[in-house]
Amino acid sequence: MADSNNTEEIQEFEYKAEMKQLLHLIVHSLYTHPEVAIRELISNASDALHKIRFRQLTDKNILNPEAPLRIDIAVDSNAQTFSITDTGIGMTRDDLTERIGTVASSGTLEFLERMKEGDTPFDANLIGQFGIGFYSVFMLTNEITIETRHADADSKGFRWQSTGEGKFTIKEIERLQRGTQISFKLKDESKEFSQSYRVEQVITKYSNFVDFPVSVNGKQVNTVSALWHKNRNEVTEEERNEFYKFISNDLNPPLGHLHLSLEGRVNFRALMFIPETQPLRFLREEDLSSLHLYSSKVFIQDDCKELLPEYLRFISGVVDTEDLPLNVSREVTQSSPVMARIQETLTGRILSLLEDWAKDDSEKYEKFFRNFGLLFKTGLSSDFVNRDRLLELLRFESTKTESDKFTSLKDYVAGMSEDQQEIYYLSGDSREAVERNPNLEYFRKGGIEVLFFIDPVDLFNIPHLLEYEGKPLKSIEKADIDLKTDEESQDETLIEDTNLIAIFKETLGDRVEDVVASKRLVDSAATLVVGAEGMDAHMERMMKMMNQDFTGSKRILELNFSHPLIRNLAQLNQSQGDETLIKNCILQLYEGALLVDGNTVDPPTFVARMTEIMERATN
Ligand code: ADP
């Protein structure tokens, strides 16, 4: 409300004290992007057009019923002026005094004062949220003129003017057209907004999908219509792909899309895309997502992190909801239960789409997984609600897949023999590295599938992957695996009579937890495995990389008594042969196994010992 100071023709009004303070604050104290003011103007014009469009549905008796619904911006860089004209609902005299002249909510000023004192930069979106977006225009200019006429057939035209300093005036004018024109001369520091290219930039960024044509100096700027508001079958593939390219900057068409229109517990429309390839922009974290949030076709924010969980951030697209207030701040989107519900629903729909691919088009699914599996798999340690669905969607390379091909846990279990109780895996840096691991030999020979955990994220997922369909997952580097061997291959007499294990233990001392006869080795002489409490060699190396002081657990050394070298050593020991040679061989076998596991040993010592062994062997 404002105090009227009536004169005959021009009415002068004084802003209330609170409003004055507020204006001062907006113009002088709050740091924000001035381009936001342009967006606010377009957003208000678009609102006004929405209102008249709605009214037209039921009321034929309005001013200029034939006028096209549009927004025209005119700039003049010489005169440094800007004006925006819409054919919307327009404003009555009361609108001008009540809506333009007052602060919408009473706590606004107090809140903004606190913002000013705090050290967080002011979020420009708040301006809109408090219903004071219009005043952000005073960042650009010292004086605003509004000329407007309401859509009521018997309405009158008015001119509103204000320098934002404390007063505004209203004058009745001759105006034929329905709608509003807002014009001003730009301050020197904002004169960029009298350049048409600069205004076009702002429109493309913030208002490209506004539902009405927006033109700058006669040229229409927003070319892309709100595709997500159309019915699914009204949108051609070509249109959709164009739109995808536009929002994602990806040159390729997407691998797939989701077009949703939901009503009920949460109301929103969404058009989401899964890229065909990892876009280049993916390399930069800040470019990871191009998820745009709209509220009733008006752009709210890009890269809206609250729309999807982190592990689905390879998706780009648009979500448009009427459940949020039109001008909603980032703070509000972060904490809004509406956003949480949208996220929940969207996540479910995207998982369904992926499930369909996995079921009907495994090639497509694998393509997706190859590109985005790394990120997608992190969902297992963050999205516990969808854990079971995510488990089904996981893919792994294994001893039974070719390189770069995948198997699922379900297929793994289907391929298990009756007496296999556990799901086996082996972790390592790469497929090549795990393929060389001697612990695989037993499983290869027995045709038992072993999953390869060769992405770093697989390791972090292990704690969340304890079992599947009641079958525990087990690293084949663990000592306590129930390995079945045919009796003949176990040369018990050789093991017991030769005392070889005892001399191994004596030589290695507390470097190992234990030394045992192996059931898992076929071609290799020795391997290191992990005791019940220890972690996988690969995991341990990662821990060491992250924490210098991390000391791993001791390993168990397993010996292959069918290997010629172990047999020779056993006999040599039994016949009390060259003790130095035996001990050197033991140390060499141990350190060799360490090396295979990706650990380091002291090269000079290793080489000196090897030289000595070769010298004796050639003697
Ligand atoms: P908000 O848009 O959040 O309400 P603003 O300060 O931006 O806050 O605008 C205040 C009010 O002024 C709007 O709610 C609307 O009633 C009126 N208004 C602003 N611009 C226009 C316009 N172009 N046409 C009609 N009414 C407008």
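Read the numbers this way: they start at 1 and go in the same order the structure lists the ligands and their atoms. No experiment lies behind these values; they were computed from the predicted model shown.
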Are Trp228 and Phe273 close enough that their ring centers fall under 6.0 Å? no
I'd like to check whether Asn44 has a polar contact with ligand 1, where a contact means an N/O of the residue lying under 3.5 Å from an N/O of the ligand. yes
Atoms in ligand 1 flagged as close to Ala48, the criterion being non-hydrogen separation under 4.0 Å: 24 (N), 25 (C)
Could you label the plane-to-plane angle of the Tyr365 and Phe368 rings as parallel, tilted or perpendicular, counting under 30° as parallel and over 60° as perpendicular? tilted
Tell me yes or no: between the side chains of Thr163 and Glu143, is some donor less than 3.5 Å from an acceptor? no
Residues forming a ring pair (Phe, Tyr, Trp, His ring centres under 6.0 Å) with Phe384, sequence neighbours excluded: His464
Is Asp86 touching ligand 1 with its side chain, its backbone, both, or neither, if touching means heavy atoms under 4.0 Å apart? side chain
Could you tell me whether Arg99 and ligand 1 have an N or O pair separated by under 3.5 Å? yes
Nearest atoms (heavy-atom pairs only) where Tyr244 meets Pro275: OH-CB, 3.3 Å
Close-contact set for ligand 1 against Phe134 heavy atoms, below 4.0 Å: 5 (P), 6 (O), 7 (O)
